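Worksheet for the structure shown next.
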Amino acid sequence: MTTWLKICSLLVCLGILAGCGRTRPPHGPPVSDAIPPPTVESVPDDPNKGIVSSPSEVPPEIQQVHVQLFQRSKEQFEEKDYPQAIRGLTRLLALLPGEPLEVQSRWLLAQAYRQVGEWEAARDQYRILTVAGNANPYQDGAQLQFNELQRLLEQFTMPPLDTQAIRLTLEQLPASGGFDQGIKKMKADGITTLLIDLGCEGAGFHTDLQQTSRAPRHLLDLQTLLRSYVERSHQLHLLVYVGVNLRCIGNWHDSPLPEWRDGRYNTTTRQVQDSRFFDIFHPEYQRFLDQFLTHLSEEGVDGLVFLDDYPMGRYDGLSRSGLTRFQTAFGVSFDPARTFHPGFDPLRASKGASRSTQPSGVPNEDSVFWRWAGWKARERLTVVEQLMGQLRKRHLTVQCGLELHPHGLTDPVRALVDYAQDAMEAIRRPFSFFFVRPEIDRHSSSDQVSAIEKLRRISTKAVLTRLLPVLDDPRRVWVSMPAERGKRIVPGTAGSSPSLLGEFPSGIGVVHDLRAFS
């Protein structure tokens with residue numbers, strides 16, 4: 001009797017815990033073409049026409065509880081009471097049944113998750129079944145189902161076709177009272193997406209309070225603001241993305257630690273000094289970045305764009321964390337005072353020397369510099385990918401884009417040195433899309449039409465000749481254009497440039513930058 005009381009108590013506790021389990025469909029962004037759910041197969045009959053008992057070392061009364069839980073959950077599944085079946089099977093697996101019953105329970109649980117739209121949870125159960133051993137009769141079917149769900153979920157992590165986005169800063173967002181009317185006008189004008197650029201000031205850089213009085217001062221204020229804009233935008237099926245620069249996010253912290261600051265080499269003093277930017281290689285700062293991005297995603301934003309408008313240049317990234325990690329990786333130290341000697345020009349040296357880590361005829365300092373430059377670009381990508389991976393564990397359908405400088409596609413050596421970018425390596429990482437934005441000289445004396453035409457040529461070459469040929473879908477490319485006089489450019493109506501956007505293929509995304517020429 002005591003044993004049964006313990007069993008009942010355990011089941012009650014597990015039932016309470018499972019009641020908070022995942023039984024709701026994931027909230028995905030509105031898409032232009034809805035993807036139908038995969039076909040759910042019926043539960044295969046057990047090869048032995050019955051439930052195999054748990055191992056003999058499990059007490060018989062516990063085995064009986066396992067069997068009863070499975071039978072009841074199977075009945076609930078057949079009755080299409082999928083949430084209850086999920087709760088029961090979750091309780092059963094927590095009790096660690098023997099392998100024959102475990103694999104049957106996992107298969108049934110995966111099918112139940114699919115029925116309620118919990119495709120990522122179903123995928124995880126199928127993944128376990130694919131490696132559950134050769135005796136597992138569900139292994140081949142689980143592999144097929146896993147592959148199908150993986151393809152389906154990848155569709156949800158990509159932006160829709162023909163994205164038409166407006167990029168604007170927090171200060172440029174319409175005031176709360178006029179926002180609804182503003183987004184209705186955007187929607188009527190063909191805009192599908194808002195890209196809200198958090199900028200690099202956050203709560204910190206500017207001391208002119210009047211200039212930044214409309215910007216939120218802390219993360220909670222930012223969350224409240226985004227929640228309001230996202231909810232109202234989604235009511236009109238307008239997507240909302242947030243643009244973040246990881247080197248600037250520390251300004252949203254109430255009191256960022258001094259050791260979070262990046263190091264920058266001063267060529268005049270020949271010393272490494274604290275930068276106004278933050279060190280993305282610092283472990284504690286990375287933890288703060290993870291928390292910050294998670295908070296943003298919890299407000300229902302449809303995607304994040306990792307911007308690089310304040311890139312890590314050739315003299316940046318010289319923090320203690322970065323230098324230590326580099327030395328650990330290569331067994332050599334990087335001494336900026338020795339490398340950045342007067343007259344040092346890595347771009348000129350690269351024209352006559354190999355870019356290998358030990359090019360013949362090149363001084364050792366230059367060799368170490370190329371190791372450093374390559375490591376810095378790849379490590380930056382690794383940090384972003386790790387943050388993205390953590391984010392997708394909590395919010396699988398959040399789309400993540402990465403900004404690439406056009407030189408990263410057309411002049412990779414320069415991009416490696418001046419922007420710590422390796423575009424071809426980035427394309428191999430699991431980003432949803434890539435955002436190509438030519439530099440905008442806001443103080444240029446040339447007229448707007450000429451400047452826009454020049455930017456169009458730069459983007460066209462980079463995107464058409466280098467980026468699209470190695471990607472599988474035009475949706476994975478966004479190009480940026482300045483919005484002339486605060487309005488977006490519509491193909492065929494750009495004055496002297498009737499084909500301003502006409503060279504780009506159908507399906508590609510266009511970001512109309514309201515910050516330019518403003």
Side-chain angles (χ1 to χ4, degrees), residues 199-208 211-212 245-251 253 256-282 285 307-327 329-330 332-353 355 357 359 362-380 383 403 405 407-408 411-422 438-445:
C200 214
E201 291 76 22
F205 283 0
H206 291 311
T207 57
D208 184 353
Q211 181 179 356
T212 61
N245 190 311
L246 298 183
R247 303 184 71 212
C248 304
I249 296 301
N251 289 301
H253 194 278
L257 301 177
E259 55 265 32
W260 288 3
R261 292 291 175 181
D262 192 14
R264 178 176 175 82
Y265 183 72
N266 187 317
T267 57
T268 302
T269 64
R270 299 184 62 80
Q271 297 288 330
V272 176
Q273 301 173 344
D274 283 346
S275 165
R276 67 170 184 162
F277 300 103
F278 292 88
D279 174 21
I280 65 171
F281 303 137
H282 194 287
Y285 182 59
L307 301 173
D308 202 26
D309 42 358
Y310 294 91
M312 191 186 301
R314 69 176 68 179
Y315 301 117
D316 296 313
L318 296 167
S319 65
R320 179 177 298 179
S321 297
L323 292 173
T324 300
R325 291 168 72 166
F326 172 76
Q327 184 171 0
F330 288 96
V332 296
S333 60
F334 179 67
D335 184 355
R338 292 181 59 188
T339 301
F340 299 129
H341 53 77
F344 173 71
D345 187 351
L347 295 176
R348 182 175 58 189
S350 69
K351 295 179 181 178
R355 287 185 57 205
T357 57
V362 177
N364 184 61
E365 288 79 6
D366 287 359
S367 174
V368 175
F369 170 79
W370 286 114
R371 289 189 182 190
W372 165 253
W375 175 86
K376 189 168 63 171
R378 290 189 298 272
E379 190 68 12
R380 170 181 169 266
V383 170
E403 178 176 350
H405 194 285
H407 289 147
D411 191 352
V413 176
R414 177 181 174 184
L416 192 69
V417 173
D418 289 339
Y419 310 113
Q421 279 196 14
D422 186 339
E439 291 179 328
I440 298 174
D441 183 2
R442 303 185 192 183
H443 304 290
S444 172
S445 59

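Nothing here was measured: the structure is a model prediction, and the numbers come from that model.
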Notebook entry, point to check: Taking the six-membered ring for Trp, are Phe281 and Phe326 ring centroids under 6.0 Å apart?
Noted result: no
Note to self: Could you tell me if the side chain of Trp372 sits less than 4.5 Å from the side chain of Leu318, heavy atoms only?
What the structure shows: yes
Note to self: My understanding is that only one of Asp308, Asp316, Asp422 makes a salt bridge (charged side-chain N to carboxylate O under 4.0 Å, His left out) with Arg380; could you say which?
What the structure shows: Asp308
Note to self: Within the 4.5 Å heavy-atom criterion, are Arg314 and Asp418 side-chain neighbours or not?
What the structure shows: yes
Checklist line | Flag side-chain contact, heavy atom, 4.5 Å: Pro342 against Arg270 | finding: yes
Item checked: Distance-only polar pair, side chains of Ser275 and Asp262, donor-acceptor under 3.5 Å -> no
Next item on the list: Could you list the residues that satisfy ring pair (Phe, Tyr, Trp, His ring centres under 6.0 Å) with His407, not counting sequence neighbours?
Entry: His405
Notebook entry, point to check: Is it true that the NZ or CZ of Arg247 lies under 6.0 Å from the centre of Phe277's six-membered ring and within 45 degrees of the ring axis?
Noted result: yes
Note to self: Are the side chains of Arg264 and Val272 in contact, using a 4.5 Å heavy-atom criterion?
What the structure shows: no
Note to self: Side chains of Phe334 and Trp375, heavy atoms from C-beta outward: is any pair under 4.5 Å?
What the structure shows: no
Item checked: Residue pair Asn266 / Tyr315, side-chain heavy-atom distance below 4.5 Å -> no
Note to self: Classify the ring geometry of Trp260 against Tyr285: parallel below 30°, tilted from 30° to 60°, perpendicular beyond 60°.
What the structure shows: tilted
Note to self: Apply side chain to side chain contact (heavy atoms under 4.5 Å, CB included) to residues Trp370 and Val417 and explain how you reach the verdict.
What the structure shows: CA-CA 9 Å; Trp370 286 114; Val417 173; 3.7 Å; yes
Checklist line | NZ or CZ of Arg261 within 45° of Phe278 ring axis and under 6.0 Å | finding: yes
Check: Roughly how far, to the nearest 0.5 Å, is CD of Gln421 from CZ of Arg378?
Finding: 14.5 Å
Next item on the list: Determine whether Pro256 and Asn251 make a side-chain contact, defined as any pair of heavy atoms from C-beta on separated by less than 4.5 Å.
Entry: no
Notebook entry, point to check: Roughly how far apart are Asn245 CG and Ile280 CD1, rounded to 0.5 Å?
Noted result: 9.0 Å
